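In each ligand, atom 1 is the first atom listed, and ligand 1 is the first ligand listed. What you see is a predicted model, and the numbers here were worked out from it, not measured in a lab.
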Amino acid sequence: MNWFVVAAFALCVIAPGAHCADNTIAWCYNLPTCNDTTWPTIVAPFCNGTRQSPINIVTSNVTVDANLGAFTFVQYDNVSLFDKIENTGKTVKVGLNIGGKVSGGDLPEPYDSLQFHLHWGNGSTVPGSEHTVDGVQYAMELHIVNSKESLNRNTTLAVADSTGLAALGFFIEPVTDVSGQPASWRNLVAYLENIVIQNQTAKIASGISLDDLLFGVDRTKYWRYLGSLTTPSCNEAVVWTVFKDTIKVSKDLIDRFTTLRIGNSTSEHMVNVFRNVQPGQRVTTQATTTTSSTSKTGYSLGLMALSLVLGRS
Ligand SMILES: *[C@@H]1O[C@H](CO)[C@@H](O)[C@H](O)[C@H]1NC(C)=O
Ligand SMILES: *[C@@H]1O[C@H](CO)[C@@H](O)[C@H](O)[C@H]1NC(C)=O
Ligand SMILES: *[C@@H]1O[C@H](CO)[C@@H](O)[C@H](O)[C@H]1NC(C)=O
Ligand SMILES: *[C@@H]1O[C@H](CO)[C@@H](O)[C@H](O)[C@H]1NC(C)=O
Ligand SMILES: *[C@@H]1O[C@H](CO)[C@@H](O)[C@H](O)[C@H]1NC(C)=O
Ligand SMILES: *[C@@H]1O[C@H](CO)[C@@H](O)[C@H](O)[C@H]1NC(C)=O
Ligand SMILES: *[C@@H]1O[C@H](CO)[C@@H](O)[C@H](O)[C@H]1NC(C)=O
Ligand SMILES: *[C@@H]1O[C@H](CO)[C@@H](O)[C@H](O)[C@H]1NC(C)=O
Ligand SMILES: [Zn+2]
């Protein structure tokens with residue numbers, strides 16, 4: 001049922017709102033006529049810009065920025081922050097109630113947390129993260145979208161500001177020896193059966209927080225670069241933070257995302273919903289985590305001390 005995607009109008013996945021003035025642009029992930037190779041043409045100029053996302057993070061090319069300190073998360077522990085979950089036809093999106101914020105982490109000001117959504121491949125065996133690390137693509141990627149507090153959640157203004165949005169990216173890796181884990185993800189995934197068809201929404205009951213979903217991630221270790229929305233109209237308005245630790249989710253839960261449909265119940269499964277990587281950018285990270293790959297070994301302390309010194313030079 002490929003025609004359906006061609007006919008479908010763009011939904012502004014990452015920053016829904018008034019900026020999606022041109023709602024008539026048809027774009028898709030998986031058809032030659034509208035896949036990501038066509039976006040620069042069908043939504044020029046932004047998708048043809050010079051700081052496009054996602055990117056492959058080349059760890060040997062990452063430089064240290066001593067300003068990349070810890071974040072402060074407000075209401076990420078609030079179990080009533082999630083509003084509605086929606087099948088947009090391009091992703092699964094969860095709107096957040098007012099009150100969630102992220103600051104610190106060398107962001108220019110506090111940002112309001114607006115929504116989160118996901119990107120995936122085809123089940124737990126065909127990866128579908130957007131960012132890659134040294135060429136490795138993960139199973140899924142979670143994006144929490146935040147806009148500058150001073151812009152009062154006005155996404156038109158946010159996408160017109162080169163740092164108007166702050167996106168937090170988390171890789172999701174499958175775990176095979178358990179099922180239904182962690183409980184927070186089991187709880188979230190349970191809603192998917194209510195939103196199989198495009199435009200269906202379900203109210204999320206109290207009980208899951210953002211902290212619960214970010215289970216196991218050390219949020220002081222991340223990569224930073226300036227990029228764009230990864231969906232049309234690809235506005236270059238995003239301060240990207242990609243966390244190094246992954247969220248471990250059991251394989252059975254990851255597999256459930258492919259039950260969603262891009263249109264109605266008779267149309268295609270929602271698979272491979274990610275943009276391919278774009279040209280590299282300047283990526284920075286913390287001084288203390290430049291040796292993260294060895295941080296669990298006995299000799300890592302010396303290396304970390306060395307990187308601290310270099311970070312200050
Ligand atoms: C994307 O579209 C281009 C042509 O527009 C085509 O060459 C390419 O094979 C397509 N890729 C996928 C994954 O469909
Ligand atoms: C994209 O930008 C490049 C470099 O400026 C240019 O050569 C190319 O024609 C542009 N493509 C589109 C579709 O605008
Ligand atoms: C949690 O979020 C709900 C919904 O926005 C809000 O009513 C409540 O006051 C928040 N709780 C706290 C402790 O901030
Ligand atoms: C996704 O995986 C399923 C089950 O393995 C397979 O039947 C289907 O063809 C795959 N879809 C794509 C687009 O690769
Ligand atoms: C966002 O800001 C623009 C420009 O100031 C304004 O025209 C628009 O009405 C605002 N949108 C909302 C939803 O407030
Ligand atoms: C849903 O699927 C049926 C059967 O393929 C089709 O006739 C109908 O037009 C579809 N509806 C939408 C909204 O795409
Ligand atoms: C979802 O909404 C969009 C925009 O209104 C519409 O084009 C599309 O057909 C809807 N999808 C279904 C399955 O009804
Ligand atoms: C390496 O970093 C430079 C700038 O710091 C950037 O221009 C270049 O694209 C990066 N290369 C890769 C392969 O990511
Ligand atoms: Zn995204």
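- The protein heavy-atom contact nearest to atom 13 (C) of ligand 8 is V58 CG2, 3.6 Å.
- Here's the thing with G280: one of its N/O atoms is less than 3.5 angstrom from an N/O atom of ligand 8.
- Under a 4.0 Å criterion applied to the non-hydrogen atoms of V271, ligand 4 contributes the atoms 13 (C).
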**Study point:** Test side chain to side chain donor-acceptor pair (under 3.5 Å) applied to N152 and N154, step by step
**Key:** CA-CA 5 Å; N152 291 314; N154 184 323; over 6 Å; no
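- For H143, the N, O or S atom closest to the Zn ion (ligand 9) goes by the atom name ND1.
- When only non-hydrogen protein atoms are considered, atom 2 (O) of ligand 4 lies nearest to N122 ND2, 2.4 Å.
- One distance of note links OG1 of T259 with CD1 of I195; it measures 8.5 Å at 0.5 Å rounding.
- Between F243 and F170, the ring planes are parallel. Angles under 30° get that label, and only those over 60° would be called perpendicular.
- For residues 168-243, the pairs satisfying disulfide (SG to SG under 2.5 Å) are C47-C234, with sequence neighbours left out.
- Checking side-chain atoms of R224 against main-chain N and O of V239 turns up no donor-acceptor pair under 3.5 Å.
- Counting protein heavy atoms only, atom 3 (C) of ligand 8 is closest to N61 ND2, 3.7 Å.
- Checked against a 6.0 Å centroid threshold, the rings of H131 and F274 do not count as neighbours.
- The backbone N or O of V249 lies less than 3.5 Å from no partner atom in the side chain of E173, so there is not a single donor-acceptor pair.
- Of the angles at the Zn ion (ligand 9), the one spanning NE2 of H119 and NE2 of H117 is 110° when given to 10°.
- Atoms of ligand 8 lying under 4.0 Å from any heavy atom of R282, numbered from 1 in the order shown and given with element: 4 (C), 5 (O).
- In this structure, atom 10 (C) of ligand 4 has a protein heavy-atom contact shorter than 4.0 Å.
- At a distance under 4.0 Å, no protein heavy atom can be found next to atom 7 (O) of ligand 8.
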